[in-house]
Amino acid sequence: MTALATAGRTLSSVFLPLAILLALAAARRRPGRLRTAGAAGAVLLFVAAYAEALRAPELSRWLYRLESPFVPAIALVVLPALFLPRTGAWRAFLLVPAAFLLLALGAIVRNLAALPAGTRFAWFLVHPQLLALGLASFLALAGRLLDVNRFRTLVRISTFLVLMYGGFAFRQSLADYQAMKGRRMTATADIANLSETSPVLRDADRLAYLPAAPCRFSADGGYVQGCVMELLQRGLQINWRRVAAGDPGEAAVAAIALAAAASILALAFAGARWWCGWTCPLSALGDGIDWARRRLGLPHVKTTPTIRASYLFSGLSFGAVGLLLASAVPHLDAQGRVLGCRIPLYPFCKLCPGQQLCPVAARGLAGYPPLPGTDWLFGLFRFGALALLALFVISFATGRKLWCRFCPMGMVGGLFNRGGLLALRKQPLKCNGCGACNEVCPMDIHSVARDMEHEDVSCFDCVYCLKCVAACPRTDCLRAELAGHPVAVSRTPHLAAPTEESRP
Amino acid sequence: MFALALALLAAHATLAGEARLEIRDIPEGFSIATGDGPNTLPAPAAGTFLVAGSFGPADFAVADPAQVRALDADGRVLPLAVESATLLAEFGEISGMRIAFELPAESLARGLPRLEWGADVTNVTRLVDRFVLPAAAMPAAVRTFTIAAAAGSAPEGPPQFATLEVIADSRADTYYLWYLLPIAMVFALLAVRKAVAR
């Protein structure tokens with residue numbers, strides 16, 4: 001393996017940003033030159049050990065499954081943009097994202113120019129790593145000019161475009177694009193029967209997931225493999241008896257699923273429910289509904305503890321039923337039945353509104369898939385899918401992000417809201433109890449406003465949209481911290497013009 | 001002379017790996033179709049077993065299914081059938097497949113058959129889309145196999161422990177249980193940080 005390839009592989013490890021962030025957190029907890037040098041040494045040690053491990057072919061293959069094409073963008077652009085001190089060195093660093101952006105745009109133009117004569121428009125052909133680097137660079141540069149709220153909107157729109165339309169608009173190469181077109185012609189748009197698709201990031205040896213809800217169940221396959229619930233179902237559908245019996249195919253599936261789980265947990269540890277608040281395409285669709293409500297001048301419903309508890313309990317039940325059905329899949333007979341009941345692959349996904357909404361968002365109303373017949377588990381999949389779609393629309397139309405209290409994908413991220421690397425912190429002594437944070441909170445969280453004892457006010461439901469930080473009228477009362485480093489800080493209104501520190 | 005040199009080279013073909021196979025009765029729920037049809041494997045002759053099963057130990061990787069051969073206890077090469085639908089390619093190489101071969105019962109009495117593979121191994125291999133076992137031969141003349149524990153390795157215990165032993169001793173891309181280690185690390189970190197935050 002060449003030095004360049006080794007560097008590329010090391011930069012792709014999902015544990016590299018984790019190592020950097022943990023080292024930064026340790027250095028920040030007890031500042032001092034020795035501590036900083038120790039943290040830098042720990043990261044260098046990780047890099048050296050990883051590069052050395054790549055020299056052993058079998059270890060190299062094992063590690064390959066723990067790498068992600070998104071990680072170089074995080075390591076090279078996002079982390080420096082967030083952590084570099086705002087000095088001359090930071091301005092010099094801006095040349096890096098500028099260079100990556102030009103590189104990504106150049107690659108797209110070059111690929112389009114290299115299309116054989118007579119080839120019809122093939123959208124933007126670009127390697128996923130370059131796309132991620134280009135997108136992160138664009139956002140890092142734009143982030144300098146925008147406040148938190150506008151910046152979040154920009155991130156949401158950008159990631160929505162990639163995750164929702166990337167299945168056809170950002171394929172890796174012309175051959176990949178044409179293969180997608182071929183599949184699209186023959187794919188049956190059917191909720192119950194559409195089981196495997198070919199996302200852009202599909203790889204025979206590795207699957208790339210994100211902790212949000214980027215559904216791949218459309219005819220073009222989507223961009224990433226899916227969300228955490230898709231992965232959990234995949235794990236439950238593994239036939240462990242066949243794995244234990246030494247079936248190599250099943251063992252490979254198990255290896256891929258377990259490695260993907262490790263990767264997604266590393267991303268969730270670093271970002272918790274930030275993924276929901278900033279990148280989830282389902283939530284972005286819901287924001288569209290919420291935007292329409294606001295344009296119509298309709299008020300939103302203030303939730304009560306009973307409503308919130310009902311959503312949490314219903315979401316947990318929905319997740320549990322979906323996973324229980326997924327665990328029955330290895331026991332299906334030749335007719336696709338277990339105990340006489342017909343169950344599709346990925347049963348949770350067949351009920352999730354994502355599988356109805358994502359194809360429509362990508363292809364228009366013509367993309368709406370036919371609903372399952374009543375023969376699928378006595379009509380549960382037909383009526384359940386419709387009921388959950390209705391709940392999704394009603395929740396976003398009336399209660400801002402009320403749906404996100406129900407979403408089982410988000411609940412998994414919520415586990416990392418406390419204890420993960422991202423935290424919402426408050427200085428109670430600076431709080432005047434105005435309640436502005438609660439007013440703007442789309443999740444209707446009250447604890448941030450009410451808690452006057454603790455500094456860490458992160459909670460299970462928070463999606464880190466940071467609207468509270470932007471709305472808080474007291475300087476440095478509320479702040480979002482990543483690995484102990486402030487990434488957004490509240491400002492008194494007359495000082496609230498975007499400053500270097502308040503920018504994300 | 002040239003032919004002799006070729007014969008010598010063939011005799012010293014470098015092996016990438018070798019595994020001895022323990023022959024077992026077909027277990028209940030063995031997932032291969034039985035019946036008659038175009039893909040049905042030929043019924044074994046009298047005094048022979050038709051041995052079928054999945055093969056893909058961790059150190060198994062070949063560029064072509066023909067780079068695998070089966071030998072009986074006397075070292076005679078046995079014709080091999082490979083189910084092409086089960087060819088598992090990982091990292092650009094074939095790392096698993098379902099195979100079938102006929103094994104004389106009397107050779108089994110003299111010792112275990114073995115599989116050899118490597119870049120220099122050549123064999124005439126018949127590719128079959130999907131295996132269908134001959135119904136008439138089931139179950140009396142059909143067997144499956146497991147990989148025999150290498151000499152000096154831990155004694156075989158109950159099946160589940162034997163399996164764990166194979167996993168712990170296997171290499172690289174089927175070190176799948178080792179992926180639990182980073183998962184455990186993340187949860188341990190989370191638990192510690194939650195406790196500290198409290």
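Everything numeric in this text was worked out from a predicted model, so none of it was measured. Here is how names work: the chains are called A, B, and so on, in the same order as the sequence lines, proteins then strands, and each is numbered from 1.
When all heavy atoms are compared, the tightest approach of B:I183 to A:L258 is CD1-O, 3.6 Å. Heavy atoms only, all atoms of each residue included: B:P182 and A:L66 are closest at CG-CD1, 4.3 Å.
Residue A:I256 does not touch chain B at all, counting heavy-atom pairs closer than 4.5 Å. Heavy-atom distances place no part of B:A184 under 4.5 Å from chain A, backbone and side chain included. Heavy atoms closer than 4.5 Å to chain B are found in both the backbone and the side chain of A:F416. Contact of A:L421 with chain B is made through backbone and side chain together, with heavy-atom distances under 4.5 Å. Using a 4.5 Å cut-off between heavy atoms, B:F55 contacts chain A through its backbone alone, with no side-chain atom that close.
Contact of the A:R418 side chain with the B:L190 side chain is not registered, since no non-hydrogen atoms from C-beta on lie closer than 4.5 Å. Between A:F269 and B:R193, the closest side-chain pair of non-hydrogen atoms falls below 4.5 Å. With a 4.5 Å cut-off on side-chain heavy atoms, B:S54 and A:P248 count as touching. Residues A:I238 and B:Y176 are not in side-chain contact: their nearest non-hydrogen atoms beyond the backbone lie 4.5 Å or more apart.
Ring-plane geometry between A:W62 and B:Y179 is classed as parallel, the angle between the planes falling under 30 degrees on a 0 to 90 degree scale with a further cut at 60.
Surrounding CZ of A:R55 are at most 12 heavy atoms belonging to other residues, nucleotides or ligands under 6.0 Å away.
Remark: side-chain polar atoms of B:K194 are not paired, donor with acceptor, to backbone N or O of A:G420 under 3.5 angstrom.
Between chain A and the options B:V192, B:T86, B:L189, heavy-atom pairs under 4.5 Å are most frequent for B:L189.
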